[in-house]
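What follows is a short report on a single structure.
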Amino acid sequence: MLFRDATLADGRVRDVRIEGESIAAVGTDLDATDESIDADGKLLLPGMIDAHVHFREPGFSHKETWTTGSKSAAAGGVTTVFDQPNTDPPTIDAESYDRKAELAAASLVEYAINGGVTDEWNPDGLLAKPIGALGEVFLADSTGEMGIETDLFEDAIKRARDAGIPVTVHAEDATLFDESVRDRTDADAWSAYRTAEAEIRAIEHACGVAERLGSTVHIAHTSTPEGVDIAADAGMTCEVSPHHLFLSRDDLDELGTFGRMNPPLRSEDRRVGMFWRLVEGDIDIVATDHAPHTLEEKDASIWDTPSGVPGVETALPLLLEQARRGTISYERVRNVTATNVADIFGLESKGRIEEGFDADLVLVDPDASTDIRGTQLHSKCDWTPFEGRRGVFPELTTVRGTVVFRGGSFADHSGRNVRVRG
């Protein structure tokens, strides 16, 4: 396969030739192959690596499955996902890992399976498995009630450090939640309850523990500029989710309980601060925290609705829309969705359009901006918090040289576990 005259993120126009599963050459006037794709005027990017998804299997297949979640990923230009451990059963030992691995074989895209930490975890068995990362390690309860205490957190960091496994942290301090708002019923009550200070202090604590133990942690779904600054000053990495970039407490009147997630939406000022930290390079990656629930589940009171929103299909399109408008560069989009993610999580053959790298690619018309509609997306939950916003969606997505999505259609393809060699 040959992409002819594709524009890369840095503005260079190049031919990109694929042989087998890899990029064989990047240059000009390359020889044609059995299939040539005219990419003149189109943007070619490395596929997004989403380091934070909840594909819900096992245990919650009515919300999402590996098949529906991975189709949604491919349609949004995501070619690798890291699935989180708070399923049923949670992925905390060798047996639960193996059960999830059987289900993950249905994935259309590449994947990694993360391991979880609870009082009942079996670290010897779990860490012997090819896990993507340890975490997200929950410092406060979220979906799945996997919050842990400091002693167990320290033990987990030590074990992961010795095994050479990354650690990702859900940082909120439940002792700083504001119980005084529990009698409120408005949608903003959740943001008032799980305070910004609860995240800021938890990030400070997590980074301090990692520093003291001579290790590092990756802070998941950071929602406060202060938290980003703490992580950066400590030499740790962090991610931001699209909902904390594009939504704020100002949107909750419209979103209602569909806008509840952990950590919650923040003030508009904090949202703007997060976006500019992304643009300026203080935030390392974008990861979706794709956490689908059904329409019926979300249509409940603010205290009863489950936390989480879908996002794996809309993250890259939302960022590409911002690049189209000139508020962020295409190079920065490439880095925070692919290159930096590969570097942080040790995916040596992914995240770049260079000779020898996996042919995980996304072709887009950078001017093809369109409205986002939940009914047109491919997640099983059939809704999006970004309804009516604009996005630039892929025309074509390849995984290791195989076209898995083109023009609304999907190929019959099986992605691989990126932690398993061969």
Side-chain angles (χ1 to χ4, degrees), residues 52 142 170-173 176-178 180-181 184-204 219-232 238-291 298 302 305 307-311 314-329 332-333 336 369 371-372 374 383-391:
H52 194 144
S142 186
H170 178 128
E172 288 182 281
D173 183 346
L176 296 175
F177 292 172
D178 186 357
S180 71
V181 305
R184 286 172 47 181
T185 59
D186 58 294
D188 186 63
W190 195 250
S191 292
Y193 173 59
R194 295 180 84 116
T195 65
E197 188 69 14
E199 175 183 275
I200 294 164
R201 297 283 75 84
I203 292 175
E204 190 172 57
I219 307 299
H221 44 49
T222 318
S223 66
T224 58
E226 300 94 327
V228 171
D229 296 343
I230 290 168
C238 71
E239 71 192 37
V240 63
S241 297
H243 39 273
H244 292 127
L245 288 174
F246 298 109
L247 301 172
S248 74
R249 294 171 77 167
D250 289 358
D251 296 295
L252 285 169
D253 283 344
E254 180 179 353
L255 288 169
T257 57
F258 288 80
R260 175 177 146 171
M261 73 282 292
N262 301 332
L265 295 179
R266 304 300 185 191
S267 68
E268 178 64 10
D269 284 346
R270 281 195 164 105
R271 184 203 69 77
V272 171
M274 292 297 289
F275 188 86
W276 287 112
R277 278 164 175 76
L278 180 75
V279 171
E280 293 168 1
D282 299 317
I283 294 172
D284 299 280
I285 67 173
V286 172
T288 67
D289 192 12
H290 174 78
K298 292 294 283 188
I302 192 61
T305 191
S307 292
V309 298
T314 49
L316 185 59
L318 284 164
L319 289 167
L320 290 173
E321 172 66 16
Q322 293 303 308
R324 185 184 73 84
R325 298 182 185 187
T327 56
I328 190 171
S329 71
R332 188 78 183 119
V333 172
V336 299
S369 176
D371 288 342
I372 296 173
W383 65 275
T384 173
F386 306 108
E387 185 76 23
R389 292 175 183 258
R390 304 288 289 183

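The environment of CD in Glu254 is sparse: at most 12 heavy-atom neighbours from other residues, nucleotides or ligands sit within 6.0 Å.
A 4.5 Å side-chain heavy-atom check between Leu265 and Trp190 finds every atom pair outside the cut-off. When side chains are defined from C-beta on, Leu318 counts as touching Phe386, because their heavy atoms get closer than 4.5 Å. In this structure, Asp253 and Asp188 have side chains that are not in contact, with every pair of non-hydrogen atoms separated by 4.5 Å or more. Using a 4.5 Å cut-off on side-chain heavy atoms (C-beta onward), Ser369 and Arg324 make contact. Considering only heavy atoms from C-beta on, Ser241 stays 4.5 Å or farther from His52 through its side chain. Annotation: side chain of Phe258 is not in contact with side chain of Pro385 (no heavy-atom distance under 4.5 Å). Ile372 places none of its side-chain heavy atoms less than 4.5 Å from the side chain of Glu387.
Of the possible donor and acceptor atoms, one in the side chain of Lys298 sits under 3.5 Å from a partner among the backbone N and O of Gly308. A donor-acceptor contact shorter than 3.5 Å links the side chain of Glu199 to the backbone of Thr224. Listed for the Thr222 side chain is a donor-acceptor partner under 3.5 Å among the backbone atoms of Glu239.
The side chain to side chain donor-acceptor pair (under 3.5 Å) check on Thr288 picks up Asp50, with sequence neighbours excluded. In terms of the side chain to side chain donor-acceptor pair (under 3.5 Å) criterion, Ser191 has no residue partners (sequence neighbours excluded).
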Run the side-chain donor-acceptor check on residues 275-286: report pairs under 3.5 Å with partners two or more places apart or on a different chain.
from	atom 1	to	atom 2	distance (Å)
Arg277	NE	Asp229	OD1	3.0
Arg277	NH1	Gly273	O	3.3
Arg277	NH2	Asp229	OD2	3.0
Asp284	OD2	Cys238	N	2.9

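When all heavy atoms are compared, the tightest approach of Ala171 to Ile219 is CB-CG2, 4.5 Å. Annotation for Ala287 and Pro242: closest pair O-CD, 3.6 Å, computed over non-hydrogen atoms. Residues Gly227 and Ile200 approach most closely at N-CG1, 4.3 Å, considering heavy atoms. Here the closest non-hydrogen pair linking Thr195 and Leu176 is OG1-O, 3.1 Å. The minimum heavy-atom distance between Arg271 and Leu245, with the atom names listed, is NH1-O, 2.6 Å. Closest heavy-atom contact between Glu172 and Pro264: OE2-CD, 4.0 Å.
Classification of the His170-His221 ring pair by plane angle, with boundaries at 30° and 60°, yields perpendicular.
Looking at Arg390 and Asp371, a side-chain N of the basic residue comes within less than 4.0 Å of a carboxylate O on the acidic one, giving a salt bridge. Here Glu226 pairs with Arg270 in a salt bridge; the nearest charged N to carboxylate O distance falls below 4.0 Å. Comment: Asp269 does not engage Arg249 in a salt bridge, judged by the lack of any side-chain N to carboxylate O separation of less than 4.0 angstrom.
Taken from OG1 in Thr314 to NE2 in His290, the straight-line distance is 9.0 Å, to the nearest 0.5 Å. One distance of note links CZ of Arg194 with OG of Ser307; it measures 6.0 Å at 0.5 Å rounding. The CD atom of Glu321 sits 9.0 Å away from the CZ atom of Phe246 when rounded to the nearest 0.5 Å.
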* Check the pair Leu316, Val333 against side chain to side chain contact (heavy atoms under 4.5 Å, CB included), reporting the backbone distance first and the verdict last. => CA-CA 8 Å; Leu316 185 59; Val333 172; 3.8 Å; yes

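Side-chain contact check for Thr305 and Arg260: no donor-acceptor pair (N or O, by modelled atom type) lies under 3.5 Å.
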